[in-house]
Every structure is written in structure tokens, then in C-alpha cells.
Amino acid sequence: MIGAGMSDLIRTYRRGLFGVTFAAILLTLTLVSSSFAMTGGKVTVDRDTGGQLTRFTFAAKAEAGAPVSEIDFLFPEGFDPEKASVRATLLDGLKRIDAPYLESVNAETRVVKIIFDPPVPPESNLSIQIHDVMTPIAGGTYELPVEYLVVADGAAPERRTIEGLTFKYNTPPREEVISRWLDGQGWVTGWNSVKLLNLFLKPQQFVRAVPLLFAGWLMSLALVLSAFPLSILGGLGTAFMKMSKLPPIRWLAAIYINVIRGTPLFLQIFVVFIGLRTTGLRFPDYISAVVVLTLNSSAYLAEIFRAGIQSISRGQFEAASSLGMTYWQAMQYVIIPQTVRRVLPTMTSEFILLFKDTALFAAVGIFELMLRSQNFVARSGNLTAYVVAAMYYLVITIPLINLVGRLEIKLAQSEHGIVAASSTRKSRRAAAALSGPDFETTAAKHESR
Amino acid sequence: MTQPVVRIVDLHKSFGSLEVLKGVNIEVQRGEVVVILGPSGSGKSTMLRCVNHLEVPTSGEVWLQDVQINAQGTNVNKVREHIGMVFQSFNLFPHLTAKGNVMLAQRKVLGRSTDEAERIANEQLAKVGLSDRADHYPSQLSGGQQQRVAIARALAMDPIVMLFDEVTSALDPELVRDVLEVMKELARGGMTMLVVTHEMGFARDVGSRVVFMDEGVICEEGTPGEVFDHPKNERTKDFLGHIS
């Protein structure tokens, strides 16, 4: 009947040929599968990465008229069920049925066998948990073949197979593997038994935090590397405004510099971020952050540049002028080149400050180093991520701090002909003392920010 | 009489309420070496600095040939190209070598090519006896050497007149001679020079005219012989008496 109806359909709706064929196939499959004793078979795992003890959960429904006496799980190669244990639950509707069972594990053939005695009653829901199966590290989709015995009344037990039951997980990241390996090391256990070491320098947390915070470190660097070159331009511009002959321009620069230097960067961040959002101007957070950093650092650099320019003796400008150079020629060829050498150490210090200040953007949700370490700590309840963050900051700042010292010595040597020994504390103090009174005061003020 | 190279007419200069120059008149002819003497604070350096407009006169006129430097609309930088000046504190550019110091303004102001500027720099450094120091930085040179580089730097611009502002005052006595020697050579070559100095020997030997200033006015002027041997003004007598 159905076939005849279908023929009609096919004849009538030639265009729907494929769709109808597909429907027919589905129908046939449903009819066939209903003859199996178990339906709705499903396998899930409780871990999303491999290489660890994992719980497998198998759920299915025993069909009518076919009690199941035995279920075998045939784990694929690479899986190790040696330590596995089984928990089977039977439900009739929502009611739990008492179902005694025997379990056995064959580590060699990787078969976990469960024998129900008496057999599982028809139409009950079956849930089997296999605990502590070691999975291979490599992630992917695996198939778990399941075989079972059906005991029909009087007849000999019939072995049936469910195929196509799949589960999947990912390959764990390298730090995860190392961390798990560390879990099993004796010295790590010893190390972690010291409370402070465990809290601040737990090896397992350390190896996890390093790759996770790396992105934050890049973000912090990107922020400061975008903002600093802009700040140099802004600072130069503002410095020349501050030295302008026209009072209004001088005042404008002075107000800008004083407001920025007289308020916390933290406040400036909130003003720009929340202010811009309130006015409906919505820039990407990264742009806003670069804008705040540039506005802030320009004011500091302006004072560094102005002090640097004014620390060049008036005679240099007069000598350039007496040779017929214009103001800007004198600036470009005589004053600025000398200023650059003089302000380089202070500028480097400003860069260090700015780099550290990127941590404040954690408060407005930019995923830089600080926020990432905070999140990590919040999740793990362990402070190791802070130590890792500190290391990421120091990787940049320590070499730069060193550079500042060497620049100062070199500057003192070139300007005063001092042949200083390497970076001894004495020569460094000499360098600081010789950098000129006006300039040094401003620099010192800046440092104390 | 030909047109004077430098002409200063009734020059006044005040710093706030302090009047430093109270009406100075000087004319300098081509090839003349005018030595300006006087006690500290007499206004001689200020007068010199007014000549190339490093100080802006309060009133009066300063002329270089037919251009009034302190007139409205005068391109001061253009005039300064023709006036060489040497300072007491050398003021070499510390970030450039001796040769670099001599080349910079030639290239940027006069627009000479690097090759030409370098050739002239080598010539001028040879003249002041520093060919072997051309690639040294100022910090590697003695004061006398630095001052001679400064003279070479000014001369490389082919100035019409040279201004010397106490150029030997900051030097150790043994280094003074080399610098004075260069200046004497320059004078013999016919350079027009205005020299503020305390070197009486130089004034007597090289000066074609000596001007004595005190308290912002010119007290006496004449040939070295007249001023040194027969001073008429009381203040000149007093000053020369103290010196010798």
C-alpha cells in the first residue's frame, strides 16, 4: 500500500524524487531498528581532553520482549580499562530497579563485561558508568563498540552488536600534560607541602599560567608600544607649546600638563572609557586605551623634553644663531640632537612606568597581563599566576632599568669626559650629579610619581 | 671715506631698569681691528652682542654696511651669515666633531654641498693649525683647540666682519697664545675685527684702534699709542694703571 502510494507520489511530484526517496529510507531504518533489543544507545565522557582517567557513561533503553543478560564494552586500542570499575543503574520510568550484576575487566582484550542476573527487564532504562578508564592523549572521535546478549524465552542467547556509538575529546595542551606529569612527581609533592611555596610557586600552576598569561603580556606590550611613539610626538609638540612666545599657547600647554600630571592615571582611564561610552562614542577598547596612555604620557614627556631642551646652554642656541641659523634649524641640528642624548635615560624610565601602568586597564576589562593573572588566580585559588605576571613584567623592565644606568654613565662620559668604570654605584651617582640642576630636579620629580 | 662695515649710532640698551649702554657711537672701516677695552660691566660685551642682534637694542641704530640690523623687517638670520662671532665659552656643538662643527652651518645656512663644505672645513682647520684634530669631538680637545675650532667655524662662513667676545678669558694662560696667534694672523690678512678683550699686549700690537668703555659710554678712543701711552680720560688712566 505504502509502496503504491509512493509510486503515485513519485509520479506526481517528479521534482521531489530525492526528498521522497530519503524519507523512504528513513522510514525503513526506523522499522528495522525497532527489531533491536536496545535503542537510543549513547556514550559520553566526563573529560574534554585525553591522557587521563575518564568516566564513560552508556545510556540505552532495553526494548520490549528481549531481556539483556550481558553487555560487553570493547574499548579501542590505546585505551586502558585496567583500573576501571562499573556502576550500573536500571530505571523503570523514574523508579529505580534493583539489578544485581557482575563486572569483569580484561586488560589485554580491553573488554569490560557486565553480566546481569537476572537479565535486564524489557523496557527499562539502562545507565552504565565505567569509571577510571585511561584514555590515550591524542584527541579525536573514537568509536566504542558494544555487544550484548539477548535471552529470548526458551531460545539460545543471541549476541548482538551496537555500532556507531562515538565519543570525542581533544588532545590536551602541552602545559596540561606537563602539569599532570608534575602531579606524579615526588619532589613536586615535597615542594608543595611547604605552604608558601605551594601558594606562590606551585609548579603545576606555574606551567599552566605561563602560556595563558603570554597573551596578556603581548597585549600590555602592544598597548605601550602603540602609545609611546605617539607620546613622543605629543610630548614634543606640547613641549614647544610650553616654550611658545604666545602666552595663550603656553597657558594651554601648562593647563594640559598640570591636569594630566596632577590626576591619577586610574581616574583618566575611567574618564575616557566611561565618558566615551556615555556620550555614545564607542571605540574599540584597545583604541581608547592607547588614547589614554598617549594623553597621559605626552604630558610627562613634554616636561622631560622641555627640561631637556632648556638644560642645553643658551650659548648653543646663540652660537647657532650667530651662524645664521633660524630658530627651527638651531632646534633641529643643534638643540634637539643634544637633548635626545640627555633625555634618553629619563625617557626610558618613562617607558618603564608606562609599561607597568598598563596594569590599570584590568579595571576596565582589557585582557592585559594583570587581568589575566587575576582571572587565573580567581579560578585556581592559587597565587602562582601573580608571580608569573611579575616575571613577565620584569623580563621587560629589568633590562631597561639596566639600560638607563648605562645610558646615564655614557652621557656623563660624553659630556664631561669622565672615564667611569663599569656600572658601579659611585659612577652612577656621579652621572646623576652631573646631568644639570634644572633638568635633574624635573627628572627626580617625575620619578616620584 | 668709504662706507663703514659696521656703524653703531646712539646705541642704548637696558635690562629692565638697568641701563647698560647709554648712547654708543662706533664706526668700523674695512680691514680695521677695533679693540674694545674696559672694566667688567662697562657694557662692551653687550655692545658687541648688539652688532649681530643677539641682544636687541633698546634704541639707536646698528648697521652692517647698508643694512640696518635692528630695523623692522630685516631678516636677522640673513645678516648674521655675514657676521662671524666667537664666544668666551667656545660654544662648540658637542655632538659634532671639529669638522662637523665647521661644516654644519655651511651646509644648512649657505646651502653648500657636503663635499664643498668639507673642503672648506679642512682648509679652515688647517689655518688654525688643527688639521690633525678634525675628527675629534669637542670634549676631546683642549680649551685653546676648541676656541680655534670656533674661529674656523665662523671663518668658514666667509664673514665680512668678525666679533671676538673675550675669547681668551676662559683659557689657561699657556693656551691663550695659540688663539691670539690665530687672531693676529687673521688681522694681518685684512679681516675686519671687533675685539673685546683684556689682552693689552694684543690690543697694542694688533689693534688699529682702541676704544675704552666705562659705564655704558665710550670714554676714549684712538690709536693704541695714544690710548695706552697718553690717556686723556681719568677713568682710562685709572683702568690702565690698575692693569699694569
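Labels below follow one simple rule: chain letters A, B, ... track the order of the sequence lines, proteins then strands, and each chain is numbered from 1.
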Check whether [X] gets within reach of chain A through its side chain, its backbone, both or neither, counting any heavy atom under 4.5 Å.
{"X": "B:I83", "value": "backbone"}
{"X": "B:R49", "value": "side chain"}
{"X": "B:L110", "value": "neither"}
{"X": "B:F93", "value": "both"}

Under 4.5 Å from any heavy atom of chain B - which part of A:Q329: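 Only the side chain of A:Q329 comes within 4.5 Å of chain B.
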Closest non-hydrogen atom pair between B:A154 and A:L323, with its separation: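 B:A154 and A:L323 have their closest heavy atoms at CA-CD2, 4.4 Å.
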Nearest non-hydrogen partners of B:R80 and A:S321, listed with the distance: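 So the two residues come closest at CD-O, 3.0 Å.
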Side-chain donor or acceptor of B:N91 paired with backbone N/O of A:G315 under 3.5 Å: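 Indeed, once roles are kept as given, a pair shorter than 3.5 Å links the two residues.
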B:H95 (side chain) donor-acceptor with A:Y333 (main chain) under 3.5 angstrom: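 Answer holds: yes.
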Neighbour count above 12 (heavy atom, 6.0 Å) for A:M391 CE: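 No, because the 6.0 Å sphere around CE of A:M391 holds 12 heavy atoms or fewer from other groups.
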Top of A:A320, A:G324, A:S313 for chain B proximity - count of heavy-atom pairs under 4.5 angstrom: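 The option with the most such pairs is A:G324.
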Distance in Å, B:F90 CZ paired with A:Q316 CD, rounded so as to fall on 0.5 Å steps: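 The distance works out to 12.5 Å.
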Atom pair CZ (A:R314) and OG (B:S89), whose distance is rounded to the nearest 0.5 Å: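 Reported to 0.5 Å precision, the distance equals 12.0 Å.
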Chain A contacts, top residue of B:K108, B:M157, B:H82 (heavy-atom pairs, under 4.5 Å):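 With the most close heavy-atom pairs to chain A, the winner is B:K108.
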Any residue meeting side chain to side chain contact (heavy atoms under 4.5 Å, CB included) with B:K78, in chain and number order, not counting sequence neighbours: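 For B:K78, the residues satisfying side chain to side chain contact (heavy atoms under 4.5 Å, CB included) (neighbours in sequence not counted) are B:N75, B:E81.
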Side chain proximity check, B:L104 to A:M325, heavy atoms < 4.5 angstrom: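 Answer yes - side chains close enough.
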